[in-house]
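A quick write-up on the structure given underneath.
Source: prediction; values computed, not measured. A, B, ... follow the sequence lines: proteins, then strands. Residue 1 opens every chain.
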Protein chains: 2
Amino acid sequence: MQDTTTQATKRAATTNRSRAVSADLIAVVIAVTNGEPRVLTIGQADALPSGPFELGHRSLQSGLRAWVERQTGHPLGYIEQLYTFADRDRIGDERVQISISYLGLTREEQAERSPTHGWRGWYDYFPWEDHRAGVPSVLPDILMPRLLVWTDEAEDMNMRRDRRQRVAYAFGLDDRDWNEELVLQRYELLYEAALVAEATRHSDDGSPLSVSGRPMIADHRRILATGIARLRTKIKYRPVVFELMPPAFTLLQLQRTVEALAGRLVHKPNFRRLIEQQDLVEETGETVADTGGRPAKRFRFRQTVLAERAVAGTKLPLSRA
Amino acid sequence: MQDTTTQATKRAATTNRSRAVSADLIAVVIAVTNGEPRVLTIGQADALPSGPFELGHRSLQSGLRAWVERQTGHPLGYIEQLYTFADRDRIGDERVQISISYLGLTREEQAERSPTHGWRGWYDYFPWEDHRAGVPSVLPDILMPRLLVWTDEAEDMNMRRDRRQRVAYAFGLDDRDWNEELVLQRYELLYEAALVAEATRHSDDGSPLSVSGRPMIADHRRILATGIARLRTKIKYRPVVFELMPPAFTLLQLQRTVEALAGRLVHKPNFRRLIEQQDLVEETGETVADTGGRPAKRFRFRQTVLAERAVAGTKLPLSRA
DNA sequence: CATAGTTATACTCACATAGAGCATAAGGAA
DNA sequence: TTCCTTATGCTCTATGTGAGTATAACTATG
């Protein structure tokens, strides 16, 4: 079993076969405009910006930036790696496709309409994820009943119990709370239950299963779900929201942005308390009067925080219960 | 700028150049034996198990499992992806090397000594990370003085301030607390300051800079640091410690394992309180008398928790301050 | 010009939780 | 027996979080 050839020899011997790999870079680029989170898409289709990692690219990150800029003209600020996966469809083929996905945050500056790209509200793709105005009607009206049908479809009793538990957990049934971080788990359940258009396997009996949310090309909606989940988790302990904010903003605007991302409302006084006691922001001195009520102070992000807490914490009134 | 060719065409056009990629899978496999965290290494050298992703592999994960088993005979249980990077050294070369690293958790069952692999205590590689018996002497005696020299070496005043802040934050100077999660940041600072053997750039003046910790091949120590950091973060909110435990264990054994991973001691009564009130474990009914004191009850992990909280939370008395 | 409506901002209170220390129980060893 | 060691249970306090209330400062409207 354990052969005694060294690492190096072994690598050399297998390099030929392993070379038949191509690596794709895929970007989930997020901006929040007017309290709506949006994702950058390209072409007419619902596709995320992507392109192959090439020899000319200095690094994975710079390759990604290059592709996004070339395809959308939009320069990226903050980016972080999401996940790497090998495309199942193409495995077993001559060529193996590896996809490396990234999350990018920017501001949607110029609202230039372009045929090559556009910003699309992320709740178009995940209507069941927006709980800001209460539980969205798709959930009780369409998805939950169908999910329960699906759980009972399982032959095995154990499988039935397992499905019930996963659904209850992911969608916050029984006494459980809705956990906004479980975006990917929910998408995967809906996929398994063939309630999203990408899962066409159940259409063989001809029944037009009603599906929910706008679909995307290939597995891009799944990647978007991964990005949303990551962002919803991350805003709770890192000051990343500010990457999405204009240079100056009111506390309510900041709150609305957080709420847009989390898909749920937060308690205003508590939000302000947390933001202020963490010294994340400082007043600019200006006020804005177009709020419809008492004028609000404008704040800016304290740039020094980036140095101080480059890796440190931030808290938001969104618990990880 | 924005060309209007579709995604598909664009991909096809560039496939040739992007094919010159090979993907390596690298594993950080961790076990905890006798209260010591260990990492699986191969060969005589200090290298992590790794090998190319090949056409025969069904998925990235199964490819990784295959390589680890082939090189060490050790089957893997829990694994999760760590990070994907393109090898800087080889970029610009004919071939581009992409490395996909994974974290794996197991138990070190058979203590079989083998020429092809072995388990090595992870604090051999990171002696400054073990704070269980107080601050390790390398820190005040060697590393901190040299780090402070390094911060003052910077020409630019801003750079100096920046370095000081990073060091203070990563190593918990001034009023700050030691944050055991910052394993990677600390390694990177030590690398920049040429205080680890892998950073040989400063040896050009002939001075034999004393360096700290056992080095590894290539960037494997950096990958190990990533794995340790991930594990130290993860044990705080996911029940992954149990992957490292034998089927039955005492609460003190469990605590020692957590402490071994975190590199710091925890308050015993609080630890027990947290574990028990979360229903993570159940008594087996047995007791063990070889503890040197009052016999301890044996516990086992409640398997149902894996279903219930497949993605849910666990808490340990290690705050994220 | 008063009043209602809207948002901003400041306080308060109850409750859960984490950190720390103390006390007692139950075994082995000297 | 006595001491030592570990196991196990309980208490106390500071802190943080969720939620509600009160007041301030503006706009719009009749």
[N] [atom2] sits how many Å from [X] [atom1], rounded?
| X | N | atom1 | atom2 | answer |
| --- | --- | --- | --- | --- |
| B:Leu265 | C:dA20 | CG | P | 12 Å |
| A:Leu252 | C:dT9 | CG | C1' | 12 Å |
| B:Phe271 | C:dT17 | CZ | C1' | 17 Å |
| B:Lys268 | D:dT5 | NZ | P | 12 Å |
| A:Lys297 | C:dT7 | NZ | P | 19 Å |
| B:Leu251 | C:dA25 | CG | P | 20 Å |
| A:His267 | C:dC11 | NE2 | P | 15 Å |
| A:Asp177 | D:dT17 | CG | C1' | 14 Å |

Of the nucleotides C:dG21, C:dG27, D:dT8, which has the atom closest to the B:Pro269 side chain?
C:dG21
Side chain of A:Arg294: nearest nucleotide among D:dT8, C:dT7, C:dG19?
C:dT7
Quick one, B:Pro246 and B:Arg300 - any side-chain contact, counting heavy atoms below 4.5 Å?
no
I'd like to know if B:Lys297 and B:Glu282 make a salt bridge, using a cut-off of under 4.0 Å between side-chain N and carboxylate O.
no
Check for me whether B:Arg146 meets the cation-pi criterion with B:Trp128, that is, NZ or CZ under 6.0 Å from the six-membered ring centre and within 45 degrees of the ring axis.
no
Has the side chain of B:Arg273 got a donor or acceptor atom sitting under 3.5 Å from an opposite partner on the base of C:dG19?
yes
Between A:Gln185 and A:Tyr187, does any side-chain donor sit less than 3.5 Å from a side-chain acceptor?
no
